[in-house]
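Everything numeric in this text was worked out from a predicted model, so none of it was measured. Worth knowing before you read on, the calculation uses all heavy atoms, side chains too, and leaves out hydrogens, waters and symmetry mates. Note that the numbering runs from 1 along the sequence shown for the chain.
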Amino acid sequence: MTLDDHLAAEAAQTESYFRAALAREDAARVAKLRELARSSEDFDAFARQAPFVGWTPGDLRSKELAEPMAPLLDALWAEKDGLGDPDRLLAGWNTFNAERMRILIHCL
């Protein structure tokens, strides 16, 4: 299963309005990351900007996500270069998303 399929399935199949809305927003954020990867001159520029696509309210705590986001960014950068691995991308997402959920709970 690809990350896009995973997010689409979560948006369509969950009974929680919050989780469905979050999955749709996440799909849009991942699309922004892909566009950012395509437009970035190098990985470091991409990685500096990637935490700030709306992961937390106002991106106030998004910087805290830089470390758990690293595997996701590596997988997206490889995808940009034609070396994508859907399993690696989904694993990077799962690691990142678990930490993001922990941070988001503290934002409430």
Side-chain angles (χ1 to χ4, degrees):
M1 173 178 281
T2 68
L3 175 56
D4 296 323
D5 292 341
H6 170 76
L7 293 172
E10 186 163 342
Q13 296 172 0
T14 186
E15 293 181 21
S16 166
Y17 172 78
F18 171 77
R19 288 183 94 49
L22 187 59
R24 287 188 298 274
E25 292 169 3
D26 287 342
R29 289 181 190 107
V30 170
K32 285 181 189 177
L33 287 179
R34 284 185 172 119
E35 179 55 37
L36 188 59
R38 282 190 293 273
S39 66
S40 295
E41 293 184 24
D42 59 37
F43 180 80
D44 290 337
F46 168 59
R48 278 191 305 274
Q49 295 176 51
F52 304 105
V53 295
W55 296 112
T56 63
D59 277 326
L60 296 175
R61 297 192 66 186
S62 293
K63 190 146 181 103
E64 295 173 45
L65 295 171
E67 185 176 328
M69 187 182 289
L72 174 63
L73 298 183
D74 288 341
L76 284 168
W77 191 259
E79 182 181 87
K80 167 201 167 270
D81 289 338
L83 303 171
D85 176 352
D87 293 334
R88 179 178 168 206
L89 183 58
L90 191 55
W93 170 259
N94 288 333
T95 299
F96 163 72
N97 193 47
E99 182 62 14
R100 180 181 61 136
M101 288 291 108
R102 186 189 67 75
I103 289 171
L104 280 176
I105 287 171
H106 294 288
C107 291
L108 298 176

Where [X] and [Y] come nearest, the two heavy atoms and their spacing:
X     : Y     : value
Ser40 : Ala45 : OG-C, 4.3 Å
Thr56 : Ser62 : OG1-OG, 3.0 Å
Met69 : Phe96 : CE-CE1, 3.5 Å
Pro51 : Asp59 : O-OD1, 3.5 Å

What residues form a side chain to side chain contact (heavy atoms under 4.5 Å, CB included) with [X], not counting sequence neighbours?
X     : value
Arg29 : Leu22, Glu25, Asp26, Val53, Trp55, Arg100
Ser39 : Glu35, Leu36
Ala20 : Thr14, Arg24

Provide the full list of ring-ring contact (aromatic ring centres under 6.0 Å, His included) pairs with a residue in residues 61-90, sequence neighbours left out, each pair given once. Phe43-Trp77, Phe46-Trp77
In Å, rounded to the nearest 0.5 Å, how long is the span from [atom1] of [X] to [atom2] of [Y]?
X     : Y     : atom1 : atom2 : result
Arg38 : Glu79 : CZ    : CD    : 8.5 Å
Leu89 : Met1  : CG    : CE    : 13.0 Å
Leu3  : Leu33 : CG    : CG    : 10.0 Å

For residues Leu90 and Thr2, determine if any side-chain heavy atom of one lies less than 4.5 Å from a side-chain heavy atom of the other. no
Check this for me: Glu99, atom CD, are more than 12 non-hydrogen atoms of other residues, nucleotides or ligands nearer than 6.0 Å? yes
Taking only residues two or more places apart in sequence, or in another chain, which ones meet Asp4 in a salt bridge (charged side-chain N to carboxylate O under 4.0 Å, His left out)? Arg34
Where at least one partner belongs to residues 81-94, residue pairs that pass salt bridge (Lys or Arg N to Asp or Glu O under 4.0 Å), sequence neighbours excluded: none
